[in-house]
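These figures come from a predicted structure and were not determined experimentally. Residue numbering restarts at 1 for every chain, and letters A, B, ... go by the order of the sequence lines.
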There are 2 protein chains.
Amino acid sequence: MALEHAILVSLLEKPGSGYELARRFERSIGYFWTATHQQIYRVLKRMESEGLLAVRELSQQSRPDKKEYSVVGPGRAVLSQWLHQSIQPESMRHELAVKIRGAAFDDPSVLIREVERHRQVHIDRLAHYQAGELRDFTGPAAPTPLDAGQELQHVVLRGGIAYERMTIAWLDDVLGTLRRLGTSPSPA
Amino acid sequence: MALEHAILVSLLEKPGSGYELARRFERSIGYFWTATHQQIYRVLKRMESEGLLAVRELSQQSRPDKKEYSVVGPGRAVLSQWLHQSIQPESMRHELAVKIRGAAFDDPSVLIREVERHRQVHIDRLAHYQAGELRDFTGPAAPTPLDAGQELQHVVLRGGIAYERMTIAWLDDVLGTLRRLGTSPSPA
DNA sequence: CTTGGCTATGCAACGAGTTGCATAGAAGGA
DNA sequence: TCCTTCTATGCAACTCGTTGCATAGCCAAG
């Protein structure tokens, strides 16, 4: 139930509606956890019925009403309890790696464009993360000193940056390998 | 349906039973995709009924019979088709990162032991991957030259090694941050 | 003026993945 | 002898996650 905990963290950082949460999951929280709006609405409803969250209905002019959720006592307790218990280290899941191994049974060069496309996505993400880092943590407009919450957000963001850099370097390695195999072909 | 494709790749590399596949998913294939035996048995059954796989029942002495699966024509075609269509780049899912951000709403130092434990798991995995690399690709017992399939397996393994190295370095960064916050505490 | 995009919420159906349990013979250690 | 582990397969129930669709008013561009 990691989505539940991710929602608790995000709502503690700032209360908001399901729609707003869905957008945060495309941005900062999305650096390390993803969710669609349908998933979020369903879980929010359940968490509210369990007493972990409180709702406020907000009328807005020229926009649909929204429901603003915030964490209440029991929700905080659930998060705290989760922080104190250990979780299993996850293994990575990389569909592209399955494809790369599968390329041995087809023409490896068909993957070159696909890998180049993925590489570009990771370059864009890296640029986006670095812009966020400059804006919120290391640039002149950033608060000094950072408080504990900001320090923790920053170290998570550094993880995202390290991940993207590592991935780009690996995809370069993959491209080199695919091109090398393409020049002296031997499809199985 | 990435599991289906991962199974096709694994069975093309070498035919085997559901049990054997489950163990491969704890080893080499598991570097980038995971699955439990229940999932594997269910999908194997479905794939066989769809004509992607063939089964051979093998009697063994002093062991239960097993069903050896292998890929047949339509299965190869499904894999080839999948290789030619593009997939979405995945974002990372890291539960520990959720915890780290959540630590801002509790005592950050409670996470230190947890992060140290994860760090050790990644160190062990790295050692395991490096041993495999030496055994299969770079050591004296490795075949030279490597064929295309081995080159592709090697580049995927290099990705796993890069991932573990990056993760260990990041967890060191996280530990430094948590310890720094612990000495001058400010729980929210 | 119509089309498409943005805010905002939600249902229904399906597929993916996890957890607990069950069976069953053989081998090996306490 | 009993207990555990390993090989080998599988069912049932559940939660998690995705995809398609629906509603509905507002705004901006063509």
Novice: Please list all pairs passing the ring-ring contact (aromatic ring centres under 6.0 Å, His included) test where one or both residues lie in residues 108-129 of chain A, with sequence neighbours left out.
Specialist: A/Y31-A/Y129

Novice: Show every donor-acceptor pair shorter than 3.5 Å between a side-chain atom in residues 3-14 of chain A and any protein atom, with sequence neighbours excluded, or say none if there are none.
Specialist:
unit_1 : atom_1 : unit_2 : atom_2 : d
A/E4   : OE1    : A/R46  : NH2    : 2.3
A/H5   : ND1    : A/M1   : O      : 3.0
A/S10  : OG     : A/R24  : NH1    : 3.0
A/E13  : OE1    : B/R101 : NH2    : 2.8
A/E13  : OE2    : B/R101 : NE     : 3.1

Novice: Just jot down the ring pair (Phe, Tyr, Trp, His ring centres under 6.0 Å) partners of B/W33, sequence neighbours excluded, or say none.
Specialist: none

Novice: Considering only heavy atoms from C-beta outward, does the side chain of A/R125 approach that of B/S91 to under 4.5 Å?
Specialist: yes

Novice: Listed in order of residue number, which residues of residues 18-26 of chain A have a non-hydrogen atom at under 4.0 Å from DNA chain D?
Specialist: none

Novice: Would you kindly give the CD-to-P distance between B/E57 and D/dA8, to the nearest whole Å?
Specialist: 13 Å

Novice: Has B/Q85 got more than 12 heavy atoms of other residues, nucleotides or ligands less than 6.0 Å from its CD?
Specialist: yes

Novice: Identify, with sequence neighbours excluded, every residue that meets side-chain hydrogen bond (donor to acceptor under 3.5 Å, both in side chains) alongside A/D65.
Specialist: none

Novice: Would you mind classifying the nucleic acid contact of A/S17 as base, sugar-phosphate or nothing, using non-hydrogen atoms under 4.0 angstrom?
Specialist: sugar-phosphate

Novice: Going by ring pair (Phe, Tyr, Trp, His ring centres under 6.0 Å), name the residues that satisfy it together with A/Y19, two or more places apart in sequence or in a different chain.
Specialist: none

Novice: Find the distance A/E90:CD to C/dT18:C1' and express it as a whole number of Å.
Specialist: 14 Å

Novice: For A/R42, what residues pass the side-chain hydrogen bond (donor to acceptor under 3.5 Å, both in side chains) criterion, not counting sequence neighbours?
Specialist: none

Novice: How many whole angstroms separate atom CD of A/Q39 from atom C1' of C/dC11?
Specialist: 15 Å

Novice: Taking only residues two or more places apart in sequence, or in another chain, which ones meet B/E48 in a side-chain hydrogen bond (donor to acceptor under 3.5 Å, both in side chains)?
Specialist: none

Novice: CD of A/Q88 versus C1' of C/dG17: gap in Å, rounded?
Specialist: 13 Å

Novice: Mind running a 4.0 Å heavy-atom check of residues 40-47 of chain B against DNA chain C and sending the residues that fall below it, in number order?
Specialist: B/R42, B/R46

Novice: Within this structure, what is the NZ-to-P distance between B/K66 and D/dC6, rounded to whole angstrom?
Specialist: 18 Å

Novice: Checking B/H37 now: which residues fulfil ring pair (Phe, Tyr, Trp, His ring centres under 6.0 Å) with it, not counting sequence neighbours?
Specialist: B/Y41

Novice: Through direct or indirect side-chain contacts below 4.5 angstrom among Ile, Leu, Val, Met, Phe, Trp and Tyr, which residues connect to B/V121?
Specialist: none

Novice: Could you say whether B/K67 or A/L3 is positioned toward the 5' end of DNA chain D, judged by the nucleotide with the nearest heavy atom to each?
Specialist: B/K67

Novice: I need a per-nucleotide contact map over nucleotides 20-28 of chain D, read 5' to 3'. Cutoff is protein heavy atoms under 4.0 Å; write B for the base, S for backbone only, - otherwise.
Specialist: BB----S--

